[in-house]
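Here the structure is laid out as structure tokens; the discussion comes afterwards.
Read the numbers this way: they start at 1 and go in the same order the structure lists the ligands and their atoms.
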Amino acid sequence: MGYDYVIAGGGPAGCVLAGRLSEDPAIKVLLLEAGGRDWNPLFKMPAGFAKMTKGVASWGWSTVPQKHLDGRVIWYTQAKIIGGGSTINAQLYTRGNAKDYDAWVSQAGCPGWSYKEVLPYFKRSEDNQRLVNAYHGYGGPMGVSYPVNPVPISFAFLRAAQEAGIPFNDDFNGAEQDGIGHYQLTTRDAVRSSAASAFLGPARRRRNLTVRTGAQALKVLIENGRAVGAIVAASGGVETIRAEREVIVSCGAIGSPRLLQLSGIGPADELRKAGVAVVHDLPAVGANLQDHLDLYVIAECTGDHTYDRVARLHRTIWAGVQYLLFKTGPVTSTLFETGGFWYADPEARSPDIQFHLGLGSGIEAGVAQMRNPGVTLNSAFLRPRSRGTVRLASADPAAAPLIDPNYWADPYDRQCALKGLRLAREIMRQPALKPFVLAERLPGAGLESDEELAQYAYRSCKTDHHPVGTCAMGSGEGAATTPDLRLRGLDGLRVVDASVMPFVPSCNTNAPTVMVAEKAADMILGRPPLPAANV
Ligand SMILES: Cc1cc2nc3c(=O)[nH]c(=O)nc-3n(C[C@H](O)[C@H](O)[C@H](O)COP(=O)(O)OP(=O)(O)OC[C@H]3O[C@@H](n4cnc5c(N)ncnc54)[C@H](O)[C@@H]3O)c2cc1C
């Protein structure tokens with residue numbers, strides 16, 4: 001069968017596009033995903049996230065040694081499964097600040113992407129179980145709900161943050177982002193609502209949509225300045241698949257610049273260095289990498305207040321039974337379901353620190369596990385000024401890319417991140433948490449100076465898994481993609497995923513990626529944009 005659109009990459013963006021484009025039965029769509037299916041029940045269980053940063057359904061990549069983090073090499077989970085990050089992430093549903101999107105217009109030159117213009121696309125994808133107002137809606141494909149079973153320590157955390165001067169906010173995705181509260185989650189009835197289940201599920205029986213897993217795009221095929229298809233490795237061998245209208249690259253902020261560079265599209269000097277024949281010299285591909293870096297405080301609890309208590313076998317079994325029979329208990333928790341947004345820089349235009357309360361210790365790869373039950377408070381600086389790169393190590397499509405987020409290259413990032421860590425510590429020391437928290441274990445007593453905290457950060461920091469910007473859109477010639485997401489200088493080729501965001505939004509990046517793909521679908525289909533919101 002021939003295809004009108006070939007989409008490489010079945011992450012959130014690829015699933016949204018496949019679902020939306022195939023709504024028209026006259027359009028034939030192929031979605032290619034290098035990873036496998038999401039049949040394992042662990043992917044549906046909110047608490048399954050605990051396994052996900054440790055290598056399950058991931059490419060197994062790490063950063064290059066980080067020059068400004070004392071040479072640390074950081075484990076860098078990137079999803080390799082249908083649904084991409086939305087199948088393995090912590091399910092936090094955050095949209096960031098209105099000013100994030102307004103800056104895409106005013107600073108990156110992307111007309112059409114202001115907050116008022118993107119809000120209708122956030123709403124279109126959403127099936128919010130609780131909120132219906134100017135900011136939220138229901139009836140969309142993606143389930144959004146509040147935690148079903150918050151534990152007492154999470155309420156104590158909310159009180160502690162207010163004692164530390166941070167107001168309560170019941171909806172970070174509404175009129176105000178500032179404050180502390182429970183997150184909205186991409187879950188529906190205590191089951192993960194990944195982009196695959198939300199957008200491909202309803203499209204399952206469409207004859208005009210083909211979804212192939214275990215199929216890795218090795219190259220975008222370019223003929224006479226136009227993308228005409230892809231070379232794909234699947235179980236049956238290597239094949240060439242043609243696209244009549246467009247090839248859409250949706251391989252994520254690491255995978256998309258990787259695939260483009262493997263196709264000879266990128267900075268000519270870097271391509272030659274890697275042994276790739278240059279097809280189209282485009283220096284912006286793989287540049288401008290931005291990510292959020294997480295620092296954290298871990299405290300030991302006075303008792304079994306977090307899900308560390310479930311780690312014992314008989315309790316794990318009971319938690320599983322409880323979930324399967326009643327959809328209640330620990331398995332319904334995404335383990336990070338409380339947090340908020342506040343300021344490191346008092347002059348910042350909107351919150352520049354995000355907190356995530358982890359209901360345990362050692363939840364994510366590389367994070368210390370306490371012997372007794374623990375609680376973790378992550379803090380991430382949200383608007384880094386440092387810029388990194390994604391480059392090829394070689395022309396071999398099996399080789400891991402060189403991922404260099406270049407964290408803390410700009411001293412401002414370090415300064416704000418350390419302030420965020422101090423804020424997290426302050427919250428954990430408030431009276432409301434006293435009945436729950438025995439003592440801070442990390443960074444630990446005695447580490448007070450900026451230098452001591454920076455040394456602690458070098459040893460312990462981790463990615464917040466929010467890479468963006470590596471095929472950034474913009475109106476200048478220097479941008480990799482145009483504001484309608486076409487790759488500059490080649491026909492028939494678009495990039496649609498987190499890589500096109502010119503600046504990282506001040507939040508987790510799944511909902512913004514879904515929004516980008518929702519808007520891209522209208523652009524590709526030649527539909528007028530949804531009317532701007534009146535907020
Ligand atoms: C562990 C983790 C936790 C996170 N937690 C949250 C959270 O709680 N909330 C939130 O909002 N965000 C979270 N994020 C971030 C969020 O999931 C990402 O921003 C989002 O998934 C980006 O979507 P994407 O479509 O751009 O790319 P990806 O999700 O990276 O998807 C790209 C897909 O393309 C496939 N692919 C790559 N190369 C090829 C190729 N050559 N051929 C075929 N297929 C290919 C990949 O296998 C992958 O499935 C988390 C991410 C991770 C990894």
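Between G35 and ligand 1, a contact under 3.5 Å exists for no N or O pair. Considering backbone and side-chain N/O atoms, I81 comes within less than 3.5 Å of an N/O atom of ligand 1. Remark: ligand 1 and E33 share an N or O pair separated by less than 3.5 Å (distance only, no angle test). Between A8 and ligand 1, not a single N/O pair is under 3.5 Å apart. Remark: ligand 1 and T509 share an N or O pair separated by less than 3.5 Å (distance only, no angle test). For ligand 1, the polar-atom distance check finds an N/O of A90 within less than 3.5 Å of one of the ligand's N/O atoms.
In this structure, S250 has a heavy atom closer than 4.0 Å to ligand 1. Distances from ligand 1 to the non-hydrogen atoms of T77 include at least one value under 4.0 Å. Note on ligand 1: W59 sits in its first shell, one or more heavy atoms being nearer than 4.0 Å. In this structure, A215 counts as a contact residue of ligand 1, since one of its heavy atoms falls inside 4.0 Å of the ligand.
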Between Y183 and Y93, is a ring-ring contact (aromatic ring centres under 6.0 Å, His included) present by the stated rule, with each step listed?
CA-CA 7 Å; Y183 283 112; Y93 179 81; over 10 Å; no
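At a heavy-atom cutoff of 4.0 Å, ligand 1 is contacted by the backbone of Q91 but not by its side chain.
A donor-acceptor pair is defined here as one N or O able to donate and one able to accept, closer than 3.5 Å; no such pair exists between the side chain of N97 and the backbone of S350. N169 contributes a side-chain N or O that, together with a main-chain N or O of E176, makes up a donor-acceptor pair within less than 3.5 Å. Looking at R192, its side chain does come within 3.5 Å of a backbone N or O of T87 through a donor-acceptor pair. Q91 places no side-chain N or O within 3.5 Å of a backbone atom of T186 that could act as its donor or acceptor partner. In terms of modelled atom types and a separation under 3.5 Å, the side chain of D497 and the main chain of G252 share a donor-acceptor contact.
Interface atoms of ligand 1 facing Q216, defined by a heavy-atom separation under 4.0 Å, are 40 (C), 41 (N), 42 (N), 43 (C). The ligand atoms of ligand 1 that sit less than 4.0 angstrom from a heavy atom of G84 are 29 (O), 31 (O), 49 (O). Below 4.0 Å from some heavy atom of A79 lie the following atoms of ligand 1, by number and element: 46 (C), 47 (O), 48 (C), 49 (O). Here is the list of ligand 1 atoms found below 4.0 Å of a heavy atom in A498: 26 (O). Applying the 4.0 Å criterion to heavy atoms of T53 picks out, from ligand 1, the atoms 1 (C). Counting atoms of ligand 1 from 1 in the listed order, those under 4.0 Å from a heavy atom of L32 are 43 (C), 44 (N). Near G252, meaning under 4.0 Å from any of its heavy atoms, are these atoms of ligand 1: 26 (O), 27 (O), 30 (O), 32 (C). Interface of T513 with ligand 1, defined as ligand atoms under 4.0 Å from a residue heavy atom, comprises 19 (O), 22 (C), 23 (O), 24 (P), 25 (O), 26 (O).
In this structure, the separation between CD1 on I231 and OG1 on T240 is 4.5 Å, given to the nearest 0.5 Å. Expressed to the nearest 0.5 Å, how far CZ of R245 lies from CD1 of I524 amounts to 11.0 Å. In this structure, NE2 in H182 is found 13.0 Å from CG in L92, a value given to the nearest 0.5 Å. To the nearest 0.5 Å, atom CD of residue Q184 and atom CD of residue E126 are 7.0 Å apart.
In this structure R383 satisfies the salt bridge (charged side-chain N to carboxylate O under 4.0 Å, His left out) test with no other residue, sequence neighbours excluded. Taking the side-chain hydrogen bond (donor to acceptor under 3.5 Å, both in side chains) definition, one finds that Y121 meets it with D522, sequence neighbours left out.
With respect to atom 42 (N) of ligand 1, the closest heavy atom belonging to the protein is A217 N, 2.9 Å. The protein heavy atom nearest to atom 5 (N) of ligand 1 is N89 CB, 3.1 Å. Looking only at protein heavy atoms, the nearest one to atom 9 (N) of ligand 1 is L92 O, 2.9 Å. The shortest contact between atom 25 (O) of ligand 1 and any protein heavy atom is with A13 N, 3.1 Å. Counting only heavy atoms of the protein, atom 10 (C) of ligand 1 lies nearest to N508 CB, 3.2 Å. Among protein heavy atoms, the minimum distance from atom 44 (N) of ligand 1 is reached at A34 N, 3.1 Å. If you check which protein heavy atom lies closest to atom 12 (N) of ligand 1, you get N510 N, 3.3 Å. Here the protein heavy atom with the shortest distance to atom 29 (O) of ligand 1 is G85 N, 2.8 Å.
Other residues, nucleotides and ligands contribute over 12 non-hydrogen atoms within 6.0 Å of the NZ atom of K44.
Nearest approach of T187 to P46, heavy atoms of both residues: CG2-CG, 4.2 Å.
H465 and N508 share no side-chain donor-acceptor pair at under 3.5 Å.
Taking the six-membered ring where the residue is Trp, W59 and W61 present parallel rings, their angle staying beneath 30° rather than reaching 60°.
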